[in-house]
Number of protein chains: 2
Amino acid sequence: MRLTTKGRFAVTAMLDLAMREANGPVTLAGISERQSISLSYLEQLFGKLRRSELVDSVRGPGGGYTLARIPADISVADIIAAVDEPVDATQCGGRENCHDNHRCMTHDLWTNLNATIFDYLAKVTLGSLVEKQRAKEAAAKDNNVMQDKRESSPRMTASASSAL
Amino acid sequence: MRLTTKGRFAVTAMLDLAMREANGPVTLAGISERQSISLSYLEQLFGKLRRSELVDSVRGPGGGYTLARIPADISVADIIAAVDEPVDATQCGGRENCHDNHRCMTHDLWTNLNATIFDYLAKVTLGSLVEKQRAKEAAAKDNNVMQDKRESSPRMTASASSAL
DNA sequence: CAATTCCCGACTAAATTTGTCAACTATTAA
DNA sequence: TTAATAGTTGACAAATTTAGTCGGGAATTG
């Protein structure tokens with residue numbers, strides 16, 4: 001298992017999708033805008049997600065993507081595995097007799113490491129993430145109400161205000 | 001924290017070094033041959049490892065690299081951090097106000113994930129890896145003795161024998 | 001038909017990996 | 001002692017792979 005920005009983008013997009021699919025198919029254009037990920041890249045990623053049967057697509061106006069399973073049945077590990085082609089981490093082709101007579105020293109190291117990371121990510125589902133995110137947003141909303149009073153200082157730059 | 005082949009190569013090389021430095025400095029040429037990693041790439045990686053003060057270099061004949069600290073004090077996390085420049089995983093520059101008013105949804109997800117992985121890798125030291133590897137080699141040796149009887153077939157190539 | 005949206009392949013940019021060559025250091029021999 | 005030599009690190013550039021972009025096409029809806 002590899003951890004790159006590609007996988008992270010995919011998870012971000014899927015999380016966005018999971019939080020909105022109640023209102024029908026979600027367009028990539030929308031995800032692109034909300035998550036600041038280029039539309040082209042999303043199209044590429046969702047092509048893979050679709051081929052891995054994690055999402056379903058609906059064409060035409062009003063179309064977009066929906067999750068192929070319930071959020072609780074889609075793990076972060078599923079998503080990363082779908083977009084991040086394996087690349088055979090162990091350098092020895094997975095074969096046990098990696099090189100010379102003993103298996104390459106790091107074989108077990110990486111096998112174990114991969115298993116550890118994979119197990120962790122397999123436990124994290126879109127369902128649990130959506131739940132956490134909802135809770136966080138509710139809390140943030142409360143904080144913002146209080147912060148608004150403090151932050152209305154005179155020197156508020158254009159870039160700072162646009163950040164809202 | 002990112003997980004790529006680069007970091008894996010570095011750990012492999014450091015493990016090789018840790019297992020051999022008792023006999024004095026270890027040359028990159030040796031590591032290259034044993035671990036099947038290009039010499040050039042090793043040179044580049046060890047430049048970073050040296051600058052991060054994980055290894056010391058000795059020039060001239062009989063020179064090579066040695067560990068800068070005892071194996072038990074060098075963790076896999078140290079090694080990966082040394083060679084794999086951070087690249088700011090969270091996509092929002094580490095700032096809390098990633099984008100729009102709420103921090104980008106995945107901010108906490110990746111923060112937690114990174115912490116989990118880092119904690120795991122910080123616990124794994126070269127010392128513990130060497131120990132495991134030594135145990136494994138001893139076990140493999142026993143197996144090989146038994147296998148040797150089966151494998152002493154007539155067609156043993158030159159390359160196969162040189163692999164010993 | 002026209003608008004919206006997914007879909008696919010070629011293209012560009014960036015990162016990884018390998019290759020080449022220069023600079024340094026200890027040994028060796030005269 | 002000094003110069004030659006071989007072993008080694010260090011920096012730079014080429015080649016390969018991966019990440020990300022662009023343009024056009026196809027399906028669906030109204």
Side-chain angles (χ1 to χ4, degrees), chain A residues 1-13 17 20-21 23-33 35-68 80 82-89 91, chain B residues 2-13 17 20-21 23-33 35-66 68 80 82-89 91:
Chain A
M1 170 134 313
R2 221 165 29 142
L3 282 178
T4 70
T5 53
K6 198 173 189 176
R8 295 176 203 260
F9 281 145
V11 173
T12 307
L17 171 53
R20 293 174 177 272
E21 71 161 357
N23 311 333
V26 179
T27 70
L28 293 189
I31 297 177
S32 170
E33 199 173 339
Q35 304 302 332
S36 307
I37 304 172
S38 94
L39 179 58
S40 315
Y41 203 26
L42 282 175
E43 287 173 344
Q44 184 179 313
L45 296 178
F46 273 76
K48 293 184 178 183
L49 292 170
R50 186 174 53 81
R51 283 186 282 277
S52 293
E53 303 188 350
L54 294 180
V55 298
D56 290 323
S57 66
V58 181
R59 289 183 158 192
Y65 285 94
T66 56
L67 295 180
I80 291 180
V83 300
D84 224 32
E85 55 272 8
V87 169
D88 177 23
Q91 148 84 354
Chain B
R2 219 167 28 140
L3 281 180
T4 72
T5 53
K6 198 173 189 175
R8 297 177 201 260
F9 280 146
V11 173
T12 305
L17 171 53
R20 294 176 175 270
E21 70 160 358
N23 310 333
V26 179
T27 70
L28 293 190
I31 297 177
S32 169
E33 198 174 339
Q35 304 303 331
S36 307
I37 305 172
S38 93
L39 179 57
S40 319
Y41 201 28
L42 282 175
E43 288 170 346
Q44 194 176 311
L45 294 178
F46 273 75
K48 292 185 178 184
L49 292 170
R50 189 178 51 83
R51 283 188 283 278
S52 293
E53 303 186 351
L54 294 180
V55 298
D56 290 324
S57 67
V58 181
R59 291 185 156 193
Y65 285 95
T66 57
I80 291 180
V83 301
D84 222 33
E85 54 272 7
V87 169
D88 177 23
Q91 148 84 355

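The shown structure was predicted, so the numbers you read here are calculated from the model rather than taken from an experiment. Worth knowing before you read on, the calculation uses all heavy atoms, side chains too, and leaves out hydrogens, waters and symmetry mates.
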[X] side chain, from C-beta outward: closest of [options]:
X     : options              : answer
B:S57 : C:dC7, D:dT9, C:dT16 : D:dT9
A:Q44 : D:dT9, C:dC7, D:dT21 : D:dT21
B:Y41 : C:dA3, C:dT18, C:dC8 : C:dT18

Would you classify [X] as touching base, sugar-phosphate or nothing, given that sugar-phosphate means primed atoms plus P, OP1 and OP2, and contacts are heavy atoms under 4.0 Å?
X     : answer
A:F46 : nothing
B:T27 : sugar-phosphate
A:S40 : base
B:G63 : sugar-phosphate
B:L39 : nothing

Length of the [atom1]-[atom2] vector between [X] and [N], whole Å:
X     : N      : atom1 : atom2 : value
A:D84 : D:dG20 : CG    : P     : 10 Å
A:R59 : D:dG25 : CZ    : C1'   : 9 Å
B:L45 : C:dG19 : CG    : P     : 15 Å
A:L28 : D:dT21 : CG    : C1'   : 15 Å
A:I37 : D:dT21 : CD1   : P     : 10 Å
B:I31 : D:dT8  : CD1   : P     : 12 Å
B:K48 : C:dA15 : NZ    : P     : 11 Å
B:F9  : D:dT17 : CZ    : P     : 13 Å

**Message:** For A:G47 and A:P61, find the nucleotide of DNA chain C closest to each by heavy atoms; which residue's nucleotide sits nearer the 5' end?
**Reply:**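 Here A:P61 is the residue nearer the 5' end.
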Given side chains that start at C-beta, do those of [X] and [Y] come closer than 4.5 Å, heavy atoms only?
X     : Y     : answer
B:L45 : B:K6  : yes
A:P25 : A:V58 : yes
A:Y65 : A:D56 : no

**Prompt:** For the side chain of A:E43 and the base of C:dC6, is some donor closer than 3.5 Å to an acceptor across the two?
**Reply:**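 It does not, because no donor-acceptor pair links the side chain of A:E43 to the base of C:dC6 below 3.5 Å.
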Report yes if at least one side-chain N or O of [X] is closer than 4.0 Å to OP1 or OP2 of [N]; otherwise report no.
X     : N      : answer
A:Y65 : C:dC7  : yes
B:R2  : C:dT16 : yes
A:S38 : D:dT21 : yes
A:R50 : C:dC7  : yes
A:T5  : D:dA19 : no

**Asked** If you count the non-hydrogen atoms of other residues, nucleotides and ligands that lie under 6.0 Å from CD in A:E43, is the total more than 12?
**Response** yes
**Item:** A:R2/A:D84 salt bridge by N-O under 4.0 Å criterion
**Value:** yes
**Request:** Starting from the 5' end of DNA chain D, give me the residue, A:K6 or B:V58, whose nearest nucleotide shows up first.
**Result:** B:V58
**Prompt:** Is the A:F9 ring parallel, tilted or perpendicular to the A:Y41 ring (thresholds 30°, 60°)?
**Reply:** perpendicular
